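Read through the structure below, which is laid out as structure tokens, and then see the notes.
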Amino acid sequence: MKHKSDLKATLQRIDGRPYPAYKDIRGQYDYEFFTLSIDKVQGDPFASPSRFSVTLPHVESELPHQLFSNTSRRTGTENFLALSFAKACNQASSRSGSGKSGLIAIDTPGQEMLQRTCLEIGPDATIARFSVGLPANGRRIRGLSAIELLIDQLPEIVEDALCYDQIDKDAIRSFADTAEDAATLRATLSENKLIGFVADGSILPRASGIDERPMREAVPFRSPPSLRKTFELPHAGKVSGMAIPEGVTLIVGGGYHGKSTLLSALERGVYNHRPQDGRELVVTRSDATKVRAEDGRSVAKVDLTPFIGQLPGGKDSSSFSTENASGSSSQAAAIIEALETGAKALLIDEDISATNLLIRDSRMQQLIAKDKEPITPFVQRVRSLHRDCGVSTVIVLGGSGDYFEPADHVIALDNYLPQDLTKEAKALCSEAFQQEALVPSLVATNPSQSKRFADPVSITPYISSRGRPGRNRVKTRDGRALTFGEDEIDLSLIPQIVDSSQARAIGAALLYAAENRLFAELSLPAALEQVLAFADKGRLSTIGKGDLAEIRLQELAAALNRLRSLEIL
């Protein structure tokens, strides 16, 4: 291994030379209290920044073991250190020169505390992976500026951001404690037959539609007494809040009173949140999946018969495929696909759902004969989904009372405060409850009951070159779209992808599965489960390079199901 003095000498030697000479600095360097690895050097000042990593032994950082003694605490601590590193980088970056000159940046966590490749705490050391825009004038190397950045400023960044004696000890402990409390609370949900919990005092509204920070002066959450439950947590102590039982739960109320805000909090409750977010103790079972209508998406041989029967023209719905799904067929497919991954809780908002899949009132049933309507509305399946398949539903409704009959609980929002109106809603129910709601569902609920196998050739990350498979092409655009080989997967309407690094992780996971021929032997869910098991065992950095963040099976499967080239055998 070279010494940092060798890096300084190289930068002095190549000063003023054409930019590609920067490739001479690749390698590892001893900085005495940490190791710098220059992993990838950009070929042009306008290209993607160079990739660097720092390995800092715990004996040097003096990071206490208690901050990473289990998975949740480790992830909380990693998120704090990544934020600390990002802050130090912002203070050090000097964007002068051409292209990305002087940039130094790390993948910065948002409000959710996700496992990330940008910062990993191992048994013996902390690894920080970050980007550097190597300085240039035009396309000439600014070696002296690079020396200032890499020899003078980088050690200060590492010391200020990662060494325990330099950081806010109360703050880093708060991240670890908050993550552990949330993980502990989530782990208790199943044993208490709950699908979610919202702590009293939580702040659910966000600053804006593009700002996930808590809204200032928002109304703190307060549980209705009938649904209040208290848990003992390792650090927060006794915490009370609204417990959402398994079964069918309606969220009702007037417009702009917080129905969708509550559902959004539950939707993101599958992840832990950083301190001061307001949703630190809003948790949902880890497999809860939000499903919505998505006009125009592709569907590949999904059994829609629980919701859609014989289609006009004799088209079979038991193996339904289309390149341009309607609202109802796309949402029905999303439900079946979620259940295929083993999801036991569905989250639905009427505002982004297909109305004809959710309800069909009595007058419409009288007007349109049953044999002329292939759709069985969700209201007639939601009860049996829970009773026969163990799948719970939380649904936001503001315009129909048809769900009062099958509902177990009805929660009304009034100025963001919940009330339990289950008794009042049940008093309005008619005695002639639709008998279709009592018919057992035939929905497959886990991969062992639904084994779709793909043609491996249809899941290819490679682009053609003169008629032959060429290099793989997997890249993301703003976390909203994923280019996979010749296809582009629209991720923008997969609700629980909350970070652009998750989109990159999905690309890396699909690439890993394709290159290791997992789809040749395993069903779709089983192949994806194997990728995630491998990643969980060896951290995300084992399945791909770049900035990645943890993903769930539900989002990974949702992305694959939207691959237009996907062919099911």
Side-chain angles (χ1 to χ4, degrees), residues 1-14 21-42 48-65 67-68 74-75 77-93 102-108 115-135 141 143 145-167 172 538-548:
M1 183 187 301
K2 299 177 183 178
H3 190 265
K4 69 175 181 179
S5 59
D6 298 314
L7 176 59
K8 182 176 181 179
T10 302
L11 292 171
Q12 289 172 332
R13 175 175 58 81
I14 63 177
Y22 261 132
K23 295 189 181 297
D24 291 354
I25 69 174
R26 283 183 297 190
Q28 289 188 320
Y29 297 89
D30 180 7
Y31 270 63
E32 290 150 8
F33 74 101
F34 68 88
T35 299
L36 173 67
S37 178
I38 301 177
D39 305 311
K40 178 184 177 182
V41 177
Q42 64 201 97
S48 297
S50 303
R51 297 292 298 178
F52 285 42
S53 62
V54 159
T55 301
L56 177 64
H58 297 326
V59 294
E60 296 290 351
S61 69
E62 299 182 336
L63 190 69
H65 181 265
L67 291 175
F68 55 97
R74 182 184 65 196
T75 301
T77 300
E78 288 171 344
N79 275 256
F80 175 87
L81 293 178
L83 287 166
S84 179
F85 200 94
K87 181 179 178 180
C89 287
N90 289 337
Q91 293 172 345
S93 287
L103 169 73
I104 181 166
I106 194 169
D107 185 29
T108 306
Q115 290 186 24
R116 295 175 176 273
T117 55
C118 70
L119 202 139
E120 295 183 355
I121 299 175
D124 303 310
T126 296
I127 300 175
R129 301 180 177 93
F130 54 100
S131 300
V132 175
L134 294 170
I141 290 172
S145 296
I147 289 172
E148 180 182 358
L149 182 64
L150 301 180
I151 304 300
D152 300 332
Q153 293 181 331
L154 182 58
E156 294 179 0
I157 292 172
V158 173
E159 184 173 5
D160 292 345
L162 304 181
C163 290
Y164 188 65
D165 63 350
Q166 297 295 315
I167 59 183
I172 192 171
R539 302 300 297 266
L540 280 167
S541 53
T542 60
I543 64 167
K545 298 179 180 180
D547 293 325
L548 313 180

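In this text the structure is predicted, and so the values were computed from the model without any measurement. The chain is numbered in sequence order, starting from 1.
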For this session: Applying ring pair (Phe, Tyr, Trp, His ring centres under 6.0 Å), name anything that partners Y29, two or more places apart in sequence or on another chain.
Result: none
For this session: Among T108, I106, L540, N79, find the one that has a side-chain contact (heavy atoms from CB on, under 4.5 Å) with R116.
Result: N79
Problem set entry | Contact summary for R74 and I121, nearest pair of heavy atoms | CD-O, 3.4 Å
Problem set entry | Closest non-hydrogen atom pair between Q115 and T75, with its separation | CG-OG1, 3.3 Å
Problem set entry | Nearest non-hydrogen partners of T55 and A125, listed with the distance | CG2-CB, 3.8 Å
For this session: Would you indicate whether the side-chain heavy atoms of L162 and S61 approach each other to under 4.5 Å?
Result: no
Problem set entry | Side chains of F52 and L134 in contact at under 4.5 Å (non-hydrogen atoms) | yes
Exercise. Given the rule in the side chain to side chain contact (heavy atoms under 4.5 Å, CB included) test, do D160 and S84 qualify, once you have shown the distances and angles that lead to the verdict?
Worked result: CA-CA 8 Å; D160 292 345; S84 179; over 6 Å; no
Exercise. Hey, mind stepping through L154 and I104 against side chain to side chain contact (heavy atoms under 4.5 Å, CB included) and telling me if it holds?
Worked result: CA-CA 9 Å; L154 182 58; I104 181 166; 4.2 Å; yes
Problem set entry | Test item: T35 and V54 side chains (from C-beta on) under 4.5 Å apart, heavy atoms | no
Exercise. Heavy atoms, side chains only, cut-off 4.5 Å: are I157 and C89 in contact?
Worked result: yes
Problem set entry | Chi angles and distances behind the side chain to side chain contact (heavy atoms under 4.5 Å, CB included) call for I127, L119 | CA-CA 6 Å; I127 300 175; L119 202 139; over 6 Å; no
For this session: For salt bridge (Lys or Arg N to Asp or Glu O under 4.0 Å), just list the numbers for R13 and D24, CA-CA rounded to whole Å, side-chain angles, deciding distance to a tenth of an Å, and then say yes or no.
Result: CA-CA 10 Å; R13 175 175 58 81; D24 291 354; 3.5 Å; yes
For this session: Could you check E120 against S541 for side chain to side chain contact (heavy atoms under 4.5 Å, CB included), going step by step and ending with a plain yes or no?
Result: CA-CA 9 Å; E120 295 183 355; S541 53; 3.3 Å; yes
Problem set entry | Nearest heavy atoms of P155 and L150, plus distance in Å | CD-O, 3.9 Å
Exercise. So do the side chains of E32 and H3 get within less than 4.5 Å of each other, counting heavy atoms only?
Worked result: yes
For this session: Inspect the surroundings of NZ in K87 and state if more than 12 heavy atoms from other residues, nucleotides or ligands are less than 6.0 Å away.
Result: no
Problem set entry | Neighbour count above 12 (heavy atom, 6.0 Å) for K2 NZ | no
Exercise. Ring centroid separation for Y164 and H58, is it under 6.0 angstrom?
Worked result: no
For this session: First locate atom CD1 of I147, then atom CG of L11, and finally report the distance between them rounded to the nearest 0.5 Å.
Result: 5.5 Å
Exercise. Is any side-chain heavy atom of Y22 closer than 4.5 Å to a side-chain heavy atom of I38?
Worked result: no
Exercise. When you check the side-chain N and O atoms of D39 and S53, is any donor under 3.5 Å from an acceptor?
Worked result: yes
Problem set entry | Reported CD-to-CD distance for the pair E156 and Q166, which is rounded to 0.5 angstrom | 10.5 Å
Problem set entry | Min side-chain heavy-atom separation L56-C163 under 4.5 Å | yes
For this session: Taking R129 for its side chain and T117 for its backbone only, find out whether a donor-acceptor pair lies under 3.5 Å.
Result: yes
Problem set entry | Full working for salt bridge (Lys or Arg N to Asp or Glu O under 4.0 Å) between R51 and D547 | CA-CA 10 Å; R51 297 292 298 178; D547 293 325; 3.1 Å; yes
Problem set entry | 4.5 Å side-chain heavy-atom contact, S50 and Q42 | yes
Exercise. What are the two closest heavy atoms between G122 and F68, and how far apart are they?
Worked result: O-CE1, 4.0 Å
Exercise. Can you tell me how far CG of L67 sits from CD of E78, rounded to the nearest 0.5 angstrom?
Worked result: 11.5 Å
Seminar exercise, completed: When rounded to the nearest 0.5 Å, the distance separating CG of L81 from CD1 of I167 is 5.5 Å
